[in-house]
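Below is one structure, written out as structure tokens; the observations come after it.
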Amino acid sequence: MLAWSLHRISGLAMIFFVGLHILAGFSMQQFGSDLGTSINILYESAYFQIALYFFVIFHAINGFRIITLDIWPKLLQYQRELIWLQWFVIIPLYGLAVFMLVTNIVKGV
């Protein structure tokens with residue numbers, strides 16, 4: 001149930017990010033307003049990016065698991081093992097992404 005909930009939440013979070021990105025670009029292009037600048041500051045923050053990295057990585061790997069189960073229904077009996085495998089893939093990928101983000105912040109890039 002946790003994977004189902006997180007998949008929906010991560011999908012909504014990515015839609016929210018894309019919507020913010022479009023709104024920021026539109027408001028800066030059309031109006032030159034401070035709204036676009038403040039939205040850019042929001043989604044360029046480290047906290048926002050760390051959360052977004054998790055949502056994107058989780059959504060992609062969980063979606064791959066779901067597609068695999070749809071293609072090979074006989075694997076449904078191993079769903080618990082596939083969820084564990086999914087987390088064994090997500091955690092190192094997410095750790096690497098956060099490490100690279102923190103490294104770039106410390107370097108000042």
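Residue numbers count from 1 along this sequence.
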Worksheet item: Do Ile22 and Val56 share a hydrophobic cluster, counting only Ile, Leu, Val, Met, Phe, Trp and Tyr and linking them when any side-chain heavy atoms are less than 4.5 Å apart?
Response: yes
Give the table of side-chain donor-acceptor pairs shorter than 3.5 Å for residues 69-79, with sequence neighbours excluded, one pair per line with atom names and distance.
from  : atom 1 : to    : atom 2 : distance (Å)
Gln79 : OE1    : Arg65 : NH1    : 3.4

Worksheet item: CD of Gln49 to CG of Leu52: how many Å apart, nearest 0.5 Å?
Response: 7.5 Å
Worksheet item: Do Ile61 and Ile91 sit in the same hydrophobic cluster, where Ile, Leu, Val, Met, Phe, Trp and Tyr count as joined when their side-chain heavy atoms come under 4.5 Å apart?
Response: yes
Practice prompt. Could you tell me the separation between the CG atom of Leu96 and the CG atom of Leu101, rounded to the nearest 0.5 Å?
Written response: 11.5 Å
Item to complete: Output the distance between atom CD1 (Ile90) and atom CD1 (Ile57), rounded to the nearest 0.5 Å.
Response: 8.0 Å
Worksheet item: Hey, quick one: are Val89 and Ile83 part of the same hydrophobic cluster, counting side-chain heavy atoms closer than 4.5 Å, chains of contacts allowed?
Response: yes
Review item, side-chain donor-acceptor pairs of residues 23-32, under 3.5 Å, at least two apart:
from  : atom 1 : to    : atom 2 : distance (Å)
Ser27 : OG     : Leu23 : O      : 3.1
Ser27 : OG     : Ala24 : O      : 3.2
Ser27 : OG     : Gly36 : N      : 3.2

Worksheet item: Roughly how far, to the nearest 0.5 Å, is CD of Gln86 from CD of Glu81?
Response: 13.0 Å
Item to complete: Using the side chain to side chain contact (heavy atoms under 4.5 Å, CB included) rule, take Phe58 and Tyr94 through it: C-alpha gap first, then chi angles, then the decisive distance, then the call.
Response: CA-CA 9 Å; Phe58 177 82; Tyr94 181 62; over 6 Å; no
Practice prompt. Decide whether Val102 and Tyr53 are clustered together by the hydrophobic rule: side chain heavy atoms of Ile, Leu, Val, Met, Phe, Trp, Tyr closer than 4.5 Å, transitively.
Written response: yes
Worksheet item: Under the side chain to side chain donor-acceptor pair (under 3.5 Å) test, which residues partner Asn40, sequence neighbours left out?
Response: Tyr43
Worksheet item: Is there a side-chain contact between Phe17 and Phe48, using heavy atoms and a 4.5 Å cut-off?
Response: yes
Discussion item. Could you report the tightest heavy-atom contact between Ile39 and Leu20, atom names first, then the distance?
Written reply: CG2-O, 3.6 Å
Fill in: Minimum heavy-atom distance between Trp87 and Pro92, given as atom pair plus value
O-CD, 4.3 Å
Worksheet entry | pair His7-Ile66: side-chain heavy atoms closer than 4.5 Å | yes
Item to complete: Give a yes or no on whether Met14 atom CE has more than 12 heavy-atom contacts from other residues, nucleotides or ligands under 6.0 Å away.
Response: yes
Worksheet item: How about Asn104: does its CG atom have over 12 heavy atoms from other parts shown lying under 6.0 Å from it?
Response: yes
Discussion item. Count I, L, V, M, F, W, Y as connected when their side-chain heavy atoms are under 4.5 Å apart, and connections chain through other members. Are Phe64 and Phe88 then in the same cluster?
Written reply: no
